[in-house]
Novice: 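Structure in structure tokens, see below.
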Amino acid sequence: MKALYNYLKEVAFAFVSLANGLLLTLKYFVTPWKSIITENYPDNRDHPSVADEFAGEVILIHDENNEHKCTACTLCQMACPNNSIQIISKQVETEDGKKKKVLDQWVYHLEMCTFCKQCIDACPQDAIKMINSYELSCFDRSTLTKVLNRPGSKLKEKAKVTPKVQE
Amino acid sequence: MENQTVTPSELKTEEFVVNIGPQHPATHGVLRVEVTLDGETVKDVLPHLGYIHRGIEKMTESLGYKQSIFLTSRMDYLSAHINNHLCALAIEKAAQIEVPARAKAIRIIMDELQRLTSHELWWGSCAMDIGAVTPFFLGFRDRERILELFEQNTGNRLTMSYIIPGGVMNDVRPDFVPKLKALLKSIKDYRKEYDQLITGNYIFQHRTQGIGVLSKEQAISLGCTGPTARASGLSCDIRKLYPYDGYEKLDFKEVIDYGCDNWARYVVRMEEMSQSIHIIEQLLDNLPTGDYRTKLKGVLKLPAGEYYQRVESARGELGVYIVSDGGAKPYRMKFRTPCYSNLGAVKPISVGMKIADLMANMATIDLVIPDMDR
Ligand code: SF4
Ligand code: SF4
């Protein structure tokens, strides 16, 4: 008799526990807005909810005069763990006849970048930063290799005088 | 034709070898398990590794110390912060770098949030392995909110490379604390839903209770750590035994269960989630102000010698052994990952069980395959 009672109790408990779980499903069925975290992705393209801090890709900061702060010191290239950065520099002669190294091409291999921000951290001039772009897919891998300095851009003069002191 | 009568006892049964994986949804990654079956009973389990071996230990030998940090996020990608923390701690110990108080607090908050995400994901996938689908979505939903917070403060969602030698990469946003407080409140509500949906579920309880018994002796001899070993009654929480970065000042409980079975492992992980929330809450109200990192030299060099550091990851004891020859690159960096040792427990707890229980066993041990293979 006791065994039968226990058995029936267990069966009843089983049903109650299952109903309990289904109740939660039902709750979300009738009030679905309580747990929506998905986004209507292509529709909300003009106001995406990507955080500003999201590390999407590296850019070289240019100001309105098309000037950047990169001195071609290659510190970022050395800090990068997987050689995603190639700094190609060239020697130019200034007016007073001195030879000077300036940036020729800031080559960025987005396809290899792991978004670790070591390059941003290493740059003594704060010349580069990460932006939150997220639609990075493309058909051809070679289009992901970019030259970041814009054509005709040149070094901002003031930045050279006050380099950030590195300990 | 001759009529033959065969009694059941004369029937010969043959053992049958089934390959589960490497591309099987129940193994959560590229793990191949060779199972010898007699009918539905498991006779032998032989895991095959190496499908996602990337040679991380070897790669670190050609990278600098700072650069190796980003590789460690790719070992156990579900506890990337904790892996970064391990590497940062080892390097700080070797180079004797002081870490500001704010950085230490942020690190612990991130570690515990990472533990929460990891356990939430485990909760969903564990229930899915046992046969329930809804928890998977709920687990991912709740993890998503924490990942959003990571995205806002660290810049990345999965492989952060945020904790670096000397502190953290960047300061948290000003709205980090209020957002996290709201998040913790909702996580507590979610915990109730978890209990309503799965913990109290009759089928789930019967699928886990008394199944996959790993005795304390076995856990010790196999080198199991983390929730897997703590569910067998073994006290092995590194946060308590070898505290780092201020865990000694915090009040939290080491969750130990003596059930030894799948159910005990489930209970330990669920309780650990509550403890993680408790730890974060203590830090949030008086988050130290000040620097978030110590600026280091561009190229980091460790004095020659050997260093070992361990942390408690979401799956168990994670250790790194660094041999330095005084140069800018490590001579050898060896990682002791929890999943590799915990994998050894799959065979002893599954032999003699049914094949459906093997899935449940593998689910509650919480294996992350890239962590084993490295
Ligand atoms: S984010 Fe990391 S991987 Fe990408 S370019 Fe910078 S240093 Fe290299
Ligand atoms: S981006 Fe910065 S670190 Fe890289 S070469 Fe230019 S100045 Fe140097």
Side-chain angles (χ1 to χ4, degrees), chain A residues 9-29 34-39 49-58 73-84 113-124 129-132 134 164-167, chain B residues 59-60 62-64 66-71 73-74 84 132 134-135 137-138 140-145 147-162 164 169-170 172-173 190 192-206 293-299 328:
Chain A
K9 205 170 112 186
E10 209 173 314
V11 171
F13 167 71
F15 276 108
V16 168
S17 77
L18 294 185
N20 218 342
L22 279 178
L23 215 63
L24 185 77
T25 312
L26 198 69
K27 186 184 123 203
Y28 281 121
F29 182 68
K34 277 200 176 166
S35 74
I36 291 177
I37 53 156
T38 46
E39 290 173 26
S49 63
V50 182
D52 292 338
E53 289 81 357
F54 180 63
E57 75 181 291
V58 177
C73 66
T74 68
L75 279 178
C76 54
Q77 187 181 342
M78 283 188 279
C80 181
N82 43 17
N83 302 342
S84 314
C113 178
T114 54
F115 312 112
C116 64
K117 299 199 263 187
Q118 300 269 4
C119 49
I120 318 281
D121 197 42
C123 180
K129 70 167 183 182
M130 290 220 117
I131 54 167
N132 66 346
Y134 54 95
K164 206 167 78 187
V165 183
Q166 265 214 324
E167 283 167 51
Chain B
M59 276 158 85
T60 53
S62 58
L63 293 170
K66 274 186 181 175
Q67 278 77 33
S68 343
I69 296 271
F70 97 101
L71 278 174
S73 339
R74 273 122 188 117
N84 296 162
T134 322
F137 296 103
L138 293 187
F140 263 86
R141 174 198 68 184
D142 307 343
R143 176 171 173 262
E144 173 66 29
R145 300 196 189 193
L147 290 192
E148 248 165 44
L149 201 76
F150 283 161
E151 183 185 324
Q152 288 162 4
N153 292 291
T154 71
N156 285 324
R157 292 163 58 88
L158 198 63
T159 49
M160 286 84 167
S161 316
Y162 177 66
I164 51 167
M169 190 63 118
N170 49 277
V172 289
R173 289 219 299 209
Y190 298 152
K192 287 190 201 115
E193 287 183 358
Y194 293 3
D195 290 345
Q196 186 185 352
L197 197 63
I198 287 294
T199 316
N201 189 299
Y202 183 77
I203 300 171
F204 185 82
Q205 288 180 2
H206 272 237
R293 69 182 285 190
T294 320
K295 260 277 183 215
L296 303 179
K297 280 201 277 313
V299 179

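Letters A, B, ... mirror the listed sequences (proteins, then strands); counts begin at 1.
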Novice: Keeping B:Q67 on the side-chain end and A:A79 on the backbone end, is there a donor-acceptor pair under 3.5 Å?
Specialist: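 A pair under 3.5 Å: yes.
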Novice: Do other residues, nucleotides or ligands put more than 12 heavy atoms under 6.0 Å from B:I203 CD1?
Specialist: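 No, CD1 of B:I203 has 12 or fewer neighbouring heavy atoms, counting only those of other groups under 6.0 Å.
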Novice: Measuring from atom OG1 of B:T134 to atom CG of A:L24, what distance do you get when rounded to the nearest 0.5 angstrom?
Specialist: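 If we round to the nearest 0.5 Å, B:T134:OG1 and A:L24:CG are 8.5 Å apart.
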Novice: Rounded to the nearest 0.5 Å, what's the gap from CG on B:N156 to SG on A:C116? Could you check?
Specialist: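 B:N156 atom CG to A:C116 atom SG measures 9.0 Å (nearest 0.5 Å).
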Novice: Where is the tightest heavy-atom contact between B:N170 and A:K117, given as atom of each residue plus distance?
Specialist: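 Closest approach of B:N170 to A:K117: OD1-NZ, 3.5 Å.
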Novice: Given heavy-atom pairs under 4.5 angstrom as the criterion, report whether the side chain, backbone, both or neither of A:F15 touches chain B.
Specialist: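 Neither; nothing under 4.5 Å.
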Novice: Once you round to the nearest 0.5 Å, how far does CG of A:N20 lie from CD1 of B:I198?
Specialist: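 Separation between the atoms: 11.5 Å.
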Novice: Counting only non-hydrogen atoms closer than 4.5 Å, does B:L71 touch chain A with its backbone (N, CA, C, O), its side chain (CB onward), both, or neither?
Specialist: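 Neither part.
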Novice: Which region of B:T154, side chain (C-beta onward) or backbone (N, CA, C, O), has a non-hydrogen atom less than 4.5 Å from a non-hydrogen atom of chain A, or is it both or neither?
Specialist: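 Contact with chain A involves the backbone of B:T154 alone.
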Novice: Crowded around A:Y134 OH? As in, over 12 foreign heavy atoms under 6.0 Å?
Specialist: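 Correct, the count exceeds 12.
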Novice: Counting only non-hydrogen atoms closer than 4.5 Å, does A:M78 touch chain B with its backbone (N, CA, C, O), its side chain (CB onward), both, or neither?
Specialist: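 Answer is backbone: N, CA, C or O of A:M78 sit under 4.5 Å from chain B.
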Novice: Compare every heavy atom of A:S17 with every heavy atom of B:Y202, then report the nearest pair and how far apart it is.
Specialist: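 Of all heavy-atom pairs spanning B:Y202 and A:S17, the closest is N-OG, 3.1 Å.
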Novice: How long is the span from the CG atom in A:L23 to the CD atom in B:E193, to the nearest 0.5 Å?
Specialist: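 Between atom CG of A:L23 and atom CD of B:E193 there are 11.5 Å.
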Novice: Checking B:F150 now: which residues fulfil ring pair (Phe, Tyr, Trp, His ring centres under 6.0 Å) with it, not counting sequence neighbours?
Specialist: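 With sequence neighbours excluded, B:F150 shows a ring pair (Phe, Tyr, Trp, His ring centres under 6.0 Å) to B:H81, given in chain and number order.
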Novice: What verdict does the side-chain contact (heavy atoms from CB on, under 4.5 Å) test give for B:Q196 and A:K27, after you've listed the backbone C-alpha separation in whole Å, the side-chain angles of each residue and the deciding distance to 0.1 Å?
Specialist: CA-CA 12 Å; B:Q196 186 185 352; A:K27 186 184 123 203; over 6 Å; no
Novice: Among B:R173, B:Q205, B:E144, B:R145, which has the most heavy-atom pairs under 4.5 Å with chain A?
Specialist: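 Among the listed options, the one with the most contacts to chain A is B:R173.
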Novice: Going by the rule side-chain hydrogen bond (donor to acceptor under 3.5 Å, both in side chains), which residues pair with A:N132 if we only count those two or more places apart in sequence or in a different chain?
Specialist: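 Scan of A:N132 (side-chain hydrogen bond (donor to acceptor under 3.5 Å, both in side chains), adjacent residues dropped) gives none.
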